[in-house]
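What follows is one structure encoded as structure tokens, with my remarks underneath.
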Amino acid sequence: MRKVGQLPSAQRRNLGVLFVAGLLFWASLSSLLPTLPLYVRDAGGTSQQVGLVMGSFSVGLLAFRPWLGRLADGYSRQIVLLIGMGAAAVAPLGYWLSDWIPWVALVRAFHGISIAAFATAYVALVADLAPEERRGEILSFMSLVNPLGIAIGPALGGFLQELAGYGPLFFFAALLGGVGFLCTCAVQEQRRGQGGSLACKGAFWSLLLHPKVCSLTGVMLLVGLAFGTQTTFVSLLMQEAGVPLNPGLFYTAVAFASFGVRLLTGPASDCYGRGPFIALSLATYALVMGVLLVANSAWAFLAAGIGVGSSFGTLIPLISALVADRSEPAERGRLFSLVMCGFDLGVGLAGPILGTLAVGSSYRIPFGYAALLAFASWVCFVCFCNGKLVSSLRFALGWEPDRYRWQDKSPQRDPANFPRPLPYPKLRWLEKP
């Protein structure tokens, strides 16, 4: 809060409006997390159909992220924010119209446009507004809208569904999105430079070949596969295990843990680099998926929720900060869109593929695969995040700076403010030749 208060008044106002809009957006979206799988099941859907419906969310994400990233860079961040909030306000009403499963899947795909638009423009605009030397801290603070929204949304959504049914739940989600749309209209974006080292009119997917985002996209693909499994099947696993716990409380535990860890890791990453904290978050998530594989009590699920919140509360803001570090302002929207496309694809594939594996067996099976996928994401980051193997290991340990970081040449930049190596003992085989 102190660092945000030191910014010019126009930037403080924009960040404040963005924070409120983001809070409403995530509360609307997350209110359906524990209830939509139950809605599909109550409509007669099988576990495979539940996975297909939840996974179809990523169809809208993958189809529109490239275009929206280009729009955010080449035209306006605010327009992209409005597209995202509009989709968040309209989609819940679509679920309300019919419980026919193909229709629900179609609406779910449309709902995916909301994250593709809002998350891309939100991160790009916050990165534009944040001072470079405090980017991790400001991004972590502004990303608190996610855990706060998830703390409010699923709990209210779960209780509202139990109390009044699915209709009022969908109306509540739409109302939150509509109010957020009005807030977003008040955002004023900061003027930024044109062009950048990556041509705005080039093929979007060709950016995947650039080493500064290639490995990060692979990491997020593997994490997305594990995360898609968690969001699709955790409430069904609770019911299968006979655990008397409102699924919304699992997401509340996620939110509270995510809230606390962001306040610590964001500023620390500005001092010591992003690598150590991202590597630790990936290892934690792999461990948590293993806990869910064997969980049989409410306390075990709540502990897993705390672990999920701690890992994602570190991972998502710092991956966003790392992409912002590696990109010029005029290419930030496209590079963030590309990295998150990996996550979107993973989430989209997780439901259909692992839901098929769960047919006729326990819902625990997908969580075993999710643990392996999360571990593979850690290996991918530690070995490939900073170019060659040794350089990547040193970056993941905090011993070497990011070799792909874009350097602002403005005279206001003070090199003394930027990441310094962690005080670890040196290992000879990791030292530079």
Side-chain angles (χ1 to χ4, degrees), residues 1 3-5 7-33 60-61 64-65 68-69 71-73 75-93 110-130 135 137-154 156-157 170-190 192 251 255 258-259 262 266 313 316-317 320-321 324 332-333 336-337 340:
M1 289 294 291
K3 296 300 180 183
V4 174
L7 297 175
S9 59
Q11 289 175 289
R12 290 200 309 270
R13 175 188 173 277
N14 270 313
L15 289 173
V17 173
L18 279 171
F19 193 92
V20 174
L23 182 61
L24 292 166
F25 174 82
W26 289 108
S28 170
L29 201 70
S30 64
S31 65
L32 304 178
L33 279 178
L61 278 166
F64 284 88
R65 270 226 199 250
L68 291 166
L71 183 65
D73 280 341
Y75 186 65
S76 169
R77 316 276 205 224
Q78 187 189 29
I79 291 296
V80 179
L81 285 172
L82 290 170
I83 292 172
M85 289 300 310
V90 171
L93 301 178
F110 170 76
H111 207 171
I113 298 173
S114 62
I115 288 187
F118 189 86
T120 297
Y122 185 89
V123 171
L125 189 51
V126 171
D128 291 344
L129 294 169
R135 182 177 289 146
E137 183 176 2
I138 300 297
L139 274 169
S140 293
F141 173 77
M142 291 298 293
S143 71
L144 288 174
V145 296
N146 181 274
L148 287 173
I150 291 178
I152 297 168
L156 287 178
F170 295 141
F171 177 77
F172 171 73
L175 179 63
L176 291 177
V179 176
F181 184 89
L182 296 177
C183 291
T184 305
C185 292
V187 173
Q188 296 177 349
E189 59 185 303
Q190 181 172 288
R192 57 192 186 279
Y251 291 100
S258 181
F259 183 96
R262 288 169 199 249
I316 299 301
S320 301
R332 202 162 275 156
F336 182 75
S337 293
M340 293 310 294

Considering all heavy atoms, the nearest Leu23-Gly149 contact: CD1-N, 3.5 Å
Thr184 OG1 to Ile83 CD1 distance, which is reported to the nearest 0.5 Å: 11.5 Å
Spacing of Arg65 atom CZ and Phe336 atom CZ [to the nearest 0.5 Å]: 6.0 Å
Test salt bridge (charged side-chain N to carboxylate O under 4.0 Å, His left out) applied to Arg262 - qualifying residues, sequence neighbours left out: none
Shortest non-hydrogen contact between Ala88 and Ser28, atoms and distance: O-OG, 3.8 Å
Under the side-chain contact (heavy atoms from CB on, under 4.5 Å) test, residues paired with Ala124 that sit two or more places apart: Arg77
With sequence neighbours excluded, residues passing ring pair (Phe, Tyr, Trp, His ring centres under 6.0 Å) with Phe259: none
Check: Leu18 and Leu81 side chains under 4.5 Å, non-hydrogen atoms: yes
CG on Leu93 to CG on Leu175, rounded to 0.5 Å: 10.0 Å
Close side-chain approach of Phe19 to Leu144, heavy-atom, < 4.5 Å: yes
Shortest non-hydrogen contact between Ala89 and Ala174, atoms and distance: O-CB, 3.2 Å
Atom pair OG (Ser76) and CG (Leu82), whose distance is rounded to the nearest 0.5 Å: 8.0 Å
Minimum side-chain heavy-atom gap Phe110-Val90 below 4.5 Å: yes
Phe170: partners by side-chain contact (heavy atoms from CB on, under 4.5 Å), with sequence neighbours left out: Leu32, Leu36, Tyr39, Pro92, Tyr95, Trp96, Tyr166
Results of side-chain contact (heavy atoms from CB on, under 4.5 Å) for Leu156 - residues two or more places apart only: Ile152, Phe172
Spacing of CD1 belonging to Ile113 relative to CZ belonging to Phe118, to within rounding of 0.5 Å: 15.5 Å
Minimum heavy-atom distance between Leu24 and Cys183, given as atom pair plus value: CD1-SG, 4.1 Å
Polar side-chain atom of Tyr122 near backbone of Ala21 as donor-acceptor pair, under 3.5 Å: no
Heavy-atom closest contact (Ala186 atom, Val17 atom, distance): CB-CG1, 4.2 Å
Thr120 vs Met340, side-chain contact (heavy atoms from CB on, under 4.5 Å): CA-CA, chis, key distance, verdict: CA-CA 9 Å; Thr120 297; Met340 293 310 294; 6.0 Å; no
Contact summary for Val187 and Gln78, nearest pair of heavy atoms: O-NE2, 2.8 Å
Any residue meeting side-chain contact (heavy atoms from CB on, under 4.5 Å) with Leu29, in chain and number order, not counting sequence neighbours: Phe25, Trp26, Phe57, His111, Ser114, Ile115
Pairwise distance CZ(Arg332) to CG(Leu125) - rounded to 0.5 angstrom: 10.5 Å
